[in-house]
Undergrad: 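Below you will find the structure I want to go over with you.
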Amino acid sequence: MKKTLVVFLAVIITASIIAPAVFADSFKPYPTPLKGKKIAILLDSQYQVGEAFYAIPRFKEAGAEVKVVSHDVPVAHRFRPNFIHYLKTDMTPKEALKIRWDGVVVIGGFCPLTMREDPDVIKIITDTNDRGGMVSAVCHGVCVLVTADVLRGKNLTGNIPRSIEFTNAGGIFHEVAPQVDSNLITAIGPGDNGPYLDAMVNWFNGGEQAAKAHQNVQY
């Protein structure tokens, strides 16, 4: 009986020492490799919900300052006939031109087909690209990059039915996502969220090579 009690007390004491350390490690905050980075999320109403609602928290989790740039206030997507997702618009494209962005991400859905007509949206992208910042788009979002003329000679992917448009713009199309080529990162759809977002986060810590090497490393 005494032996059992001694063993029991030893287990309790050991657990009281080890458990706090284990739990403390479990609740450590995520690393913030993008602290100080400014990322613009470009979208309008009828954006792709699965792409926007993963990208925004993922970049914030990594420490970036993330702003939704849109023409619509609030920006909405009708997910079902009687249910609408809303996102808060932080600024218009014209206001966003005043900021030096480290990266821009064009969300897909139907909105890119009208967003591409705004010269302010295009200038945000070309200015970021010319500085060597990250330029990224998913699905129909790549159509906006066609107008911005940043695909020439680059490996890319995007909405597959529109692949001819992408190749006509000088891009090298692949049906595999994500695609990383220099400062350009593209994906086909929300099913690519994991490796696509990881590639973007890691791009800031080593460019193309780091993005390709850590496409499946969740912080």
Undergrad: Do Thr114 and His71 touch side chain to side chain, with heavy atoms closer than 4.5 Å?
TA: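 No - every pair of side-chain heavy atoms lies 4.5 Å or more apart.
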Undergrad: With side-chain contact (heavy atoms from CB on, under 4.5 Å) as the criterion, how do Leu42 and Val144 come out once you've worked through the C-alpha distance, each side chain's angles and the decisive distance to 0.1 Å?
TA: CA-CA 10 Å; Leu42 301 175; Val144 184; 5.8 Å; no
Undergrad: Taking all heavy atoms of Asp72 and all of Ser45, pick out the closest pair and write down the distance.
TA: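 Shortest heavy-atom separation between Asp72 and Ser45 comes out as OD2-N, 2.9 Å.
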Undergrad: List the steps and the verdict of side-chain contact (heavy atoms from CB on, under 4.5 Å) for Gln215 and Val180.
TA: CA-CA 10 Å; Gln215 289 180 7; Val180 184; 4.0 Å; yes
Undergrad: Start with the C-alpha distance between Phe204 and Ile39, add both sets of side-chain angles, then the distance that settles side-chain contact (heavy atoms from CB on, under 4.5 Å), and finish with yes or no.
TA: CA-CA 11 Å; Phe204 287 97; Ile39 296 179; 4.2 Å; yes
Undergrad: Report yes if some heavy atom in the side chain of Cys143 is under 4.5 Å from a heavy atom in the side chain of Arg162; otherwise report no.
TA: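 Yes; the side chains approach each other to less than 4.5 Å.
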Undergrad: Decide whether Val66 and Leu97 are clustered together by the hydrophobic rule: side chain heavy atoms of Ile, Leu, Val, Met, Phe, Trp, Tyr closer than 4.5 Å, transitively.
TA: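 Val66 does not cluster with Leu97.
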Undergrad: So do the side chains of Gln179 and Val142 get within less than 4.5 Å of each other, counting heavy atoms only?
TA: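 Sidechains of Val142 and Gln179: no contact.
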Undergrad: If you round to the nearest 0.5 Å, how far is NE2 of His140 from CG of Leu113?
TA: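 Atom-to-atom, Leu113:CG and His140:NE2 are 5.5 Å apart.
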Undergrad: Any idea which heavy atoms bring Trp203 and Ile185 closest together, and the distance?
TA: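 For Trp203 and Ile185, the tightest heavy-atom pair comes out as CB-CD1, 3.9 Å.
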Undergrad: Between Tyr47 and Ile122, is there shared hydrophobic-cluster membership here, with clusters defined by ILVMFWY side-chain heavy atoms closer than 4.5 Å?
TA: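 Per the 4.5 Å side-chain linkage, Tyr47 and Ile122 are not co-clustered.
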Undergrad: Search all heavy atoms of Leu184 against all heavy atoms of Leu145 and return the closest pair with its distance.
TA: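 Of all heavy-atom pairs spanning Leu184 and Leu145, the closest is CD1-CD1, 3.7 Å.
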Undergrad: In the single-linkage hydrophobic clustering (I, L, V, M, F, W, Y; side-chain heavy atoms under 4.5 Å), do Val135 and Val68 co-cluster?
TA: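 They do not share one cluster, since no chain of ILVMFWY contacts under 4.5 Å joins Val135 to Val68.
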Undergrad: Say you draw a straight line from CD of Gln46 to CE of Met115; how long is it, rounded to the nearest 0.5 Å?
TA: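 Here the rounded value is 13.5 Å.
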Undergrad: Membership question, hydrophobic clusters at under 4.5 Å side-chain separation (ILVMFWY): are Tyr54 and Leu43 in the same one?
TA: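 Linked, Leu43 and Tyr54 end up in one cluster.
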Undergrad: How far does OG1 of Thr128 sit from NZ of Lys38, to the nearest 0.5 angstrom?
TA: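 If I round to the nearest 0.5 Å, the distance is 12.5 Å.
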Undergrad: Keeping Gln48 on the side-chain end and Gly109 on the backbone end, is there a donor-acceptor pair under 3.5 Å?
TA: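 Not confirmed, Gln48 side chain does not pair with Gly109 backbone.
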Undergrad: Can you see which heavy atom on Tyr86 is nearest to which on Phe53, and at what distance?
TA: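 That would be O-CZ, 4.1 Å.
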Undergrad: Between the side chains of Asp127 and Arg100, is the shortest nitrogen-to-carboxylate-oxygen separation below 4.0 Å, so that they form an ion pair?
TA: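 Result for this pair is no, no salt bridge flagged.
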Undergrad: Quick one: does Leu197's side chain get under 4.5 Å of Val201's, heavy atoms only?
TA: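 No, every pair of side-chain atoms sits at 4.5 Å or beyond.
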Undergrad: Can you tell me how far the CD1 atom of Ile107 sits from the OG atom of Ser136, to the nearest 0.5 Å?
TA: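 Result: 8.0 Å between the selected atoms.
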Undergrad: Are any side-chain N or O atoms of Asp44 and backbone N or O atoms of Ser70, one a donor and one an acceptor, separated by less than 3.5 Å?
TA: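 Pair absent, no side-chain N/O of Asp44 close to backbone of Ser70.
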Undergrad: Taking the side chain as everything from C-beta on, heavy atoms only, tell me whether Asp192 gets closer than 4.5 Å to Thr157.
TA: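 The answer is no, as the side chains (C-beta and beyond) never meet within the 4.5 Å cut-off.
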Undergrad: To the nearest 0.5 Å, how far apart are CD in Gln209 and CG in Asn202?
TA: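 Gln209 CD to Asn202 CG: 12.0 Å, rounded to 0.5 Å.
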Undergrad: Contact between Val105 and Met134 at the side-chain level, heavy atoms closer than 4.5 Å - yes or no?
TA: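 Of all side-chain heavy-atom pairs linking Met134 with Val105, at least one is under 4.5 Å.
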Undergrad: Are side-chain heavy atoms of Leu156 and Phe173 found at a separation under 4.5 Å?
TA: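 Side-chain contact under 4.5 Å: yes.
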Undergrad: Counting only N and O atoms by type, is there a donor-acceptor contact under 3.5 Å from the side chain of Asn193 to the main-chain atoms of Gly50?
TA: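 Yes, Asn193 side chain to Gly50 backbone: donor-acceptor pair under 3.5 Å.
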Undergrad: Can Asp198 and Asn216 be counted as having a side-chain donor-acceptor contact under 3.5 angstrom?
TA: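 Result is no, nothing qualifies.
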Undergrad: Can you measure from CG (Asp149) to CD1 (Ile125) and round to the nearest 0.5 angstrom?
TA: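 So the gap between those two atoms works out to 11.5 Å.
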Undergrad: What's the shortest heavy-atom distance between Ser182 and Glu208, and which atoms?
TA: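 What the structure gives for the nearest pair is N-OE1, 2.9 Å.
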Undergrad: Quick check: do Lys37 and Phe59 have side-chain heavy atoms less than 4.5 Å from each other?
TA: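 They are not in side-chain contact.
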Undergrad: Look at the side-chain heavy atoms of Ile, Leu, Val, Met, Phe, Trp and Tyr, link any pair under 4.5 Å apart, and say whether Leu151 and Ile172 land in one connected group.
TA: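 As far as the 4.5 Å side-chain criterion goes, Ile172 and Leu151 are not connected within one cluster.
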Undergrad: Could you tell me which non-hydrogen atom of Ile124 sits nearest to which non-hydrogen atom of Pro93, and how far apart they are?
TA: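 Between these two residues, the closest heavy atoms are CD1-O, 3.5 Å.
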Undergrad: Run the side-chain contact (heavy atoms from CB on, under 4.5 Å) test on Leu87 and Ile56 for me, step by step, so that the C-alpha distance in whole Å, both residues' side-chain angles and the decisive distance to 0.1 Å come before the verdict.
TA: CA-CA 10 Å; Leu87 275 176; Ile56 294 170; 4.0 Å; yes
